[in-house]
Amino acid sequence: MIPAMQKKTTTSILRQLTLEIEKVPEAALFSHVSPDGDCLGSMLALGIALRSLGKKITYYNAGPLPGSLKFLPEAERISAVIPGDLPDTLIFIDCAEAERAFAMVKEHFKDRKVYNIDHHVSNDLFGNLNWVDPEAAATGEMIYHLIRKLGVPISKDIAINLYAAIITDTGRFSFSNTTAKSFKIAAELV
């Protein structure tokens with residue numbers, strides 16, 4: 001159970017993150033090496049939602065992407081190479097540490113906004129704004145709430161990505177981290 005003070009902090013961080021992201025015209029989204037369904041599905045769902053708001057979005061993963069996850073909507077848009085001209089906003093999804101995305105990625109942090117969205121208790125809080133919720137079964141649950149807070153309808157492509165995220169990190173709802181909230185979100189996505 002999250003103490004009441006921490007719940008308020010989580011809510012206020014989500015509110016702050018939403019306000020910040022609404023102002024961003026362009027962002028680069030990153031997920032961790034040896035990608036799984038949670039990092040890729042969460043990243044792609046958020047990217048699709050942000051593009052629906054008119055934002056320019058690029059995806060990065062040091063890859064290679066597992067063949068079993070290449071079906072995810074927009075997976076073909078993920079690049080394994082970071083360009084020299086990254087936007088001013090970098091969003092890390094499901095990365096307990098920035099280097100988990102790319103070894104030398106912190107070299108790109110200077111004069112950029114770095115947002116860190118993760119559910120791992122081991123997260124080293126590397127962002128300018130860190131939303132880390134160890135009570136979430138998957139980062140996909142957090143992204144679901146962020147997308148809702150942004151007022152973006154859950155499209156079929158967003159739902160597929162978020163469902164893949166949640167079933168991956170809950171072991172198809174068999175791991176002890178599975179909660180009623182996990183089932184409720186998954187039911188809505190279905």
Side-chain angles (χ1 to χ4, degrees), residues 13-33 35-66 69-95 98-102 104-119 126-132 136 138-166 168 189:
I13 291 171
L14 173 57
R15 187 179 313 112
Q16 183 182 358
L17 182 62
T18 303
L19 291 172
E20 292 289 326
I21 288 177
E22 285 174 337
K23 295 184 273 185
V24 170
E26 181 179 1
L29 279 59
F30 294 86
S31 56
H32 64 70
V33 295
D36 60 18
D38 190 25
C39 75
L40 292 180
S42 296
M43 178 179 71
L44 295 167
L46 180 58
I48 293 166
L50 294 177
R51 281 195 22 256
S52 79
L53 294 174
K55 299 173 187 313
K56 183 178 177 189
I57 299 300
T58 50
Y59 306 108
Y60 300 98
N61 186 284
L65 301 184
L69 295 175
K70 289 184 178 177
F71 77 94
L72 292 173
E74 297 210 5
E76 72 283 354
R77 294 177 50 132
I78 299 172
S79 175
V81 179
I82 301 176
D85 60 342
L86 282 172
D88 291 337
T89 302
L90 311 178
I91 304 174
F92 288 79
I93 312 292
D94 200 41
C95 295
E99 293 81 3
R100 190 109 201 274
F102 283 88
M104 305 301 283
V105 74
K106 282 191 173 179
E107 292 176 3
H108 298 280
F109 281 17
K110 186 174 172 27
D111 301 324
R112 288 192 170 88
K113 295 176 199 160
V114 178
Y115 301 131
N116 171 16
I117 305 169
D118 187 27
H119 71 121
F126 58 86
N128 303 111
L129 182 57
N130 301 286
W131 181 27
V132 179
T139 300
E141 289 182 4
M142 299 170 68
I143 297 298
Y144 168 84
H145 292 297
L146 176 57
I147 290 170
R148 283 293 194 208
K149 189 84 171 161
L150 288 165
V152 175
I154 302 292
S155 67
K156 180 179 179 180
D157 287 348
I158 289 173
I160 289 168
N161 280 306
L162 288 177
Y163 191 81
I166 293 168
T168 298
L189 297 173

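Because the structure is predicted, anything quoted here is derived from the model rather than measured.
Thr139 has its side chain out of reach of Cys39: every pair of non-hydrogen atoms, C-beta onward, lies at least 4.5 Å apart. With a 4.5 Å cut-off on side-chain heavy atoms, Thr168 and Leu40 do not count as touching. Between Leu44 and Ile78 there is a side-chain heavy-atom pair separated by less than 4.5 Å. Contact of the Asp94 side chain with the His119 side chain is registered, since non-hydrogen atoms from C-beta on lie closer than 4.5 Å. Side-chain contact between Tyr60 and Pro83: present, with at least one pair of heavy atoms (C-beta onward) separated by less than 4.5 Å. For the pair Arg51/Arg77, a side-chain contact is recorded, criterion being any heavy-atom separation below 4.5 Å from C-beta on. Pro35 places a side-chain heavy atom less than 4.5 Å from the side chain of Pro66. A heavy-atom distance below 4.5 Å is not found between the side chains of Ile91 and Val24.
With Asn128 contributing its side chain and Val114 its backbone, the two residues share a donor-acceptor pair below 3.5 Å. For Lys55 (side chain) and Glu22 (main-chain N/O), a donor-acceptor pair under 3.5 Å exists by modelled atom type. In this structure, the side chain of Asp157 does not engage the main chain of Ile160 through any donor-acceptor pair within 3.5 Å. Side chain of Asp38 to backbone of Gly140: a donor-acceptor contact under 3.5 angstrom is found.
Shown here for Ala45 and Ile147, the closest heavy-atom pair between the two residues is O-CD1, 3.7 Å. Contact between His108 and Met104 at its shortest, heavy atoms only, is CD2-O, 4.2 Å.
Within the model, atoms CG of Leu69 and CG of Asn161 stand 9.5 Å from one another, a figure rounded to the nearest 0.5 Å. From Ile48, atom CD1 reaches atom CD1 of Ile143 across 12.0 Å, with rounding to the nearest 0.5 Å. Rounding to the nearest 0.5 angstrom, the gap separating the NZ atom in Lys149 from the CD1 atom in Ile21 is 12.5 Å. Here the OG atom belonging to Ser31 is positioned 11.5 Å from the CG atom belonging to Leu46, to the nearest 0.5 angstrom. Atom CD of residue Glu26 and atom CG of residue Leu86 lie 9.0 Å apart, to the nearest 0.5 angstrom. Atoms CG and CD, on Leu129 and Gln16 in that order, are 4.5 Å from each other to the nearest 0.5 Å.
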Test side-chain contact (heavy atoms from CB on, under 4.5 Å) on Val105 and Phe126; report intermediate values, then the result.
CA-CA 11 Å; Val105 74; Phe126 58 86; over 6 Å; no
Would Leu146 and Leu14 count as a side-chain contact (heavy atoms from CB on, under 4.5 Å) if you check the C-alpha gap in whole Å, the side-chain angles of each, and the deciding distance to 0.1 Å?
CA-CA 7 Å; Leu146 176 57; Leu14 173 57; 3.8 Å; yes
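Considering Met43, Glu99, Arg100 as possible partners of His32, the one that fulfils the side chain to side chain contact (heavy atoms under 4.5 Å, CB included) test is Arg100. Checked options Trp131, Phe109, Tyr59, Tyr115; the residue passing with Phe92 is Phe109 (criterion: ring pair (Phe, Tyr, Trp, His ring centres under 6.0 Å)).
Within 6.0 Å of NZ on Lys106 lie more than 12 heavy atoms contributed by other residues, nucleotides or ligands.
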